[in-house]
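In what follows, a single structure is set out as structure tokens and then discussed.
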Amino acid sequence: MAERVLLRCWLLGFVLLFVWLVVDLLMGEGIYAFHRDWFGLTKHELQLIFYCGMGLLKISVLTFFFIPWIAIKILPRTSTQP
């Protein structure tokens, strides 16, 4: 069961990453205008924050979901019955 949960979390993490990228590409100027007015960020600073966040998300998803899923997959199947 843990194997299926980790696989779903891994897939959903990459779906979230893809959605974040698409939203950034399609609505980049609107997002920038909002953050420029509220926080005084330059376009470069906002892009740096976004891409560092995407990188952190990708590393986190791989570390916490994909690697444990692979570890569970390579475990030998043992019977719990005597």
Side-chain angles (χ1 to χ4, degrees):
M1 181 168 164
E3 179 183 327
R4 290 187 306 229
V5 170
L6 288 171
L7 181 62
R8 287 181 188 145
C9 289
W10 176 62
L11 292 172
L12 288 173
F14 273 93
V15 166
L16 175 63
L17 186 64
F18 181 72
V19 168
W20 189 354
L21 178 65
V22 169
V23 167
D24 183 35
L25 291 174
L26 295 178
M27 299 176 46
E29 291 302 318
I31 293 171
Y32 168 64
F34 175 78
H35 286 86
R36 180 191 60 216
D37 295 342
W38 276 58
F39 303 109
L41 295 175
T42 65
K43 189 165 185 127
H44 175 72
E45 291 171 334
L46 184 64
Q47 287 177 341
L48 187 64
I49 291 168
F50 270 27
Y51 291 119
C52 286
M54 288 179 193
L56 182 62
L57 176 63
K58 187 188 305 182
I59 290 171
S60 299
V61 166
L62 289 173
T63 302
F64 296 117
F65 301 124
F66 185 66
I67 293 173
W69 177 74
I70 290 202
I72 290 173
K73 287 295 282 186
I74 63 174
L75 283 176
R77 300 284 183 200
T78 58
S79 177
T80 57
Q81 298 177 359

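Annotation: side-chain hydrogen bond (donor to acceptor under 3.5 Å, both in side chains) contacts involving residues 66-75, sequence neighbours excluded, comprise Glu3-Lys73.
The structure places CH2 of Trp10 at 8.0 Å from CD1 of Ile70, a figure rounded to the nearest 0.5 Å. Distance check: Thr42 OG1 to His35 NE2 gives 12.5 Å after rounding to the nearest 0.5 Å.
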Do any side-chain atoms of residues 56-67 form donor-acceptor pairs under 3.5 angstrom with protein atoms, and if so which ones, sequence neighbours left out?
from  : atom 1 : to    : atom 2 : distance (Å)
Ser60 : OG     : Leu56 : O      : 2.8
Thr63 : OG1    : Ile59 : O      : 2.7

For residues 15-31, tabulate all N or O donor-acceptor pairs below 3.5 Å that involve a side-chain atom, not counting sequence neighbours.
from  : atom 1 : to    : atom 2 : distance (Å)
Asp24 : OD2    : Tyr51 : OH     : 3.1
Glu29 : OE2    : Lys43 : NZ     : 2.2

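Trp38 and Ile49 fall within a single hydrophobic cluster, where Ile, Leu, Val, Met, Phe, Trp and Tyr are joined by side-chain heavy atoms under 4.5 Å apart, directly or via other members. Linking ILVMFWY residues whenever their side-chain heavy atoms come closer than 4.5 Å, directly or via other members, places Ile72 and Leu11 in the same cluster.
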